[in-house]
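Here the structure is laid out as structure tokens; the discussion comes afterwards.
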Amino acid sequence: MAWVLKMDEVIESGLVHDFDASLSGIGQELGAGAYSMSDVLALPIFKQEDSSLPLDDETKHPPFQYVMCAATSPAVKLHDETLTYLNQGQSYEIRMLDNRKMGDMPEITGKLVKSIIRVVFHDRRLQYTEHQQLEGWKWNRPGDRLLDLDIPMSVGIIDTRTNPSQLNAVEFLWDPAKRTSAFIQVHCISTEFTPRKHGGEKGVPFRIQVDTFKQNENGEYTDHLHSASCQIKVFKPKGADRKQKTDREKMEKRTAHEKEKYQPSYDTTILTECSPWPDSPTAYVNNSPSTAPTFTSPQQSTCSVPDSNSSSPNHQGDGVPQASSEQLQPSATTQETQQWLLKNRFSSYTRLFSNFSGADLLKLTKEDLVQICGAADGIRLYNSLKSRSVRPRLTIYVCQEQPSSTLLPGRQQAAGSGGENGSGTPYVYHAIYLEEMVASEVARKLALVFNIPFHQINQVYRQGPTGIHILVSDQMVQNFQDESCFLFSTVKVENSGGIHIILK
């Protein structure tokens, strides 16, 4: 018993000694030479950041991020955009991720947003002719769509919609706070939009673009939030796998120094930020005025009566079609350019050139227009822009004889040579350009130039030998000499209200 009590005293004295040593250590560590108050306040938990000053490493980040579960190609050089190969008709997941920081965009918290996914052309030239390209594809693949949603595999998407007039787009609603994945299927292949030559053509690249919108005050999803896209190429089934394998084998054969010039292949494709697609609700604005703009160019010619002093045989407007004589001016606004396209029968391209001014359209070369509009319409548009009218088959010069003038036989010949009438006033002739060598064309052009009601013209005669009147027929017009000169007079027809035209 005494031994047990002695052991307890030894243990107790040892604990007291250790405790004293611990206290003395603490005192030394907190001595003035080890710590200062400034050091303590400099600790992160005491440091107050000025929220008004941005951090140096803080960079702007998008509110959303879209990730497509498909590997990128290893054969893409550094600083170039990634390229992803897809199989036709295969379902690929696009993860819709909420990338907002705390407090960003509180107006969409707890609300749905709308996203539109499109497959569009990467090449700018093909973007100009997207409507025509897609119409051609629709003609060859009736009933098919370029882009579809695999709804059974998709997660978190609501109210999916496809527009029959937009075969390359799908849209849906989703909640950024919930897991959302949209599985897409691309049914067009890159070589379908490549001109067929001898086989082995290089396919054109596409883009997968996602545009996201929030609701406006009226509850419509038109306020743009974010857009991102990536470059893809689409192959026939299994073709993307073979292409990926080929690129990988090519890279393995390269030296280590050459490999440094190329990007590594990533298992997923991150869509990079871009501008919203022009067809999106906020980008497409119909700003056409309610009234059609008028052209104020001095070169403009109309179908009204020509000026009396217009004596040049090449006077614009004398029987020349209005569309060919109206020239688009470099100063024309976008609205005036749209009106010019409509007047010249290019209505199918008004949407394509909706943002083009007169100067923009005139800068395009013949090759550009053929590439954009196709061979037939491209050449026609180029000729219209350069005011290349159709060369007339026959040109005649005509002057209306004044009722008070009395011509002698010799004087009439002088008038035909550009002489003067009996009062000393020079004869003023107008050029009539005939595209068709028929009598009705002569009557129509005379009515147009001299402001005669066409329905009142009964017959057109030519004064022959001894003053006889010869009916102008198609055969006679075909035998007119080019650049012939005529005086003509009008004779009222009794009891009908019509007139006869007599060429002299």
Side-chain angles (χ1 to χ4, degrees), residues 118 120-121 123-142 146 163-169 193 276-297 299-304 316-317 319-391 433 435-436 444 448:
R118 292 180 177 85
V120 295
F121 291 110
D123 190 346
R124 183 61 58 87
R125 290 179 181 268
L126 289 176
Q127 290 178 10
Y128 289 144
T129 59
E130 178 184 284
H131 179 71
Q132 290 73 26
Q133 297 286 347
L134 298 188
E135 284 297 317
W137 188 90
K138 180 181 178 181
W139 178 265
N140 295 325
R141 303 268 297 273
L146 283 85
N163 191 337
S165 63
Q166 294 183 342
L167 303 179
N168 63 328
F193 301 95
W277 192 250
D279 286 345
S280 60
T282 54
Y284 180 76
V285 179
N286 184 12
N287 47 13
S288 300
S290 57
T291 58
T294 57
F295 292 91
T296 57
S297 168
Q299 285 84 359
Q300 178 191 7
S301 55
T302 63
C303 296
S304 59
Q316 296 282 339
V320 181
Q322 180 180 1
S324 63
S325 60
E326 260 184 11
Q327 185 177 0
L328 181 66
Q329 299 301 312
S331 58
T333 64
T334 55
Q335 289 82 7
E336 291 172 341
T337 303
Q338 292 286 294
Q339 192 67 18
W340 183 90
L341 290 168
L342 290 172
K343 285 186 177 182
N344 288 271
R345 307 190 313 280
F346 294 103
S347 57
S348 58
Y349 300 100
T350 53
R351 180 180 173 187
L352 185 65
F353 296 114
S354 59
N355 295 323
F356 278 63
S357 64
D360 295 333
L361 205 56
L362 290 167
K363 287 177 183 178
L364 297 177
T365 64
K366 184 177 182 180
E367 291 73 18
D368 292 337
L369 293 172
V370 168
Q371 182 73 20
I372 294 171
C373 305
D377 286 342
I379 294 174
R380 187 167 69 88
L381 179 54
Y382 178 78
N383 290 337
S384 299
L385 290 171
K386 304 304 178 184
S387 298
R388 295 188 177 184
S389 58
V390 179
R391 183 177 179 84
Y433 302 105
E435 285 81 22
E436 298 181 28
R444 188 177 68 84
L448 180 68

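When a residue number appears, it is its place in the shown sequence, counting from 1.
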Interatomic spacing from CG in N344 to CD in Q339 - rounded to 0.5 Å: 10.5 Å
With rounding to the nearest 0.5 angstrom, report the CG to CG distance, L381 to L328. 9.5 Å
Just verifying a value: how many Å separate F356 CZ and T333 OG1, rounded to the nearest 0.5 Å? 15.0 Å
Does Q338 reach the main-chain N or O of F353 with its side chain, forming a donor-acceptor pair under 3.5 Å? yes
Nearest heavy-atom contact between L342 and S347 is CD2-CB, 3.7 Å
Interatomic spacing from CZ in R380 to CZ in R345 - rounded to 0.5 Å: 5.0 Å
What's the verdict on side-chain contact (heavy atoms from CB on, under 4.5 Å) for V370 and D377, showing C-alpha distance, side-chain angles and the deciding distance? CA-CA 7 Å; V370 168; D377 286 342; over 6 Å; no
CD on Q327 to CG on L385, rounded to 0.5 Å: 9.0 Å
Measure the OG1-CZ distance between T337 and F346 for me, rounded to the nearest 0.5 Å. 13.0 Å
Would you confirm whether Y349, through its side chain, and C373, through its main-chain N or O, come within 3.5 Å as a donor-acceptor pair? yes
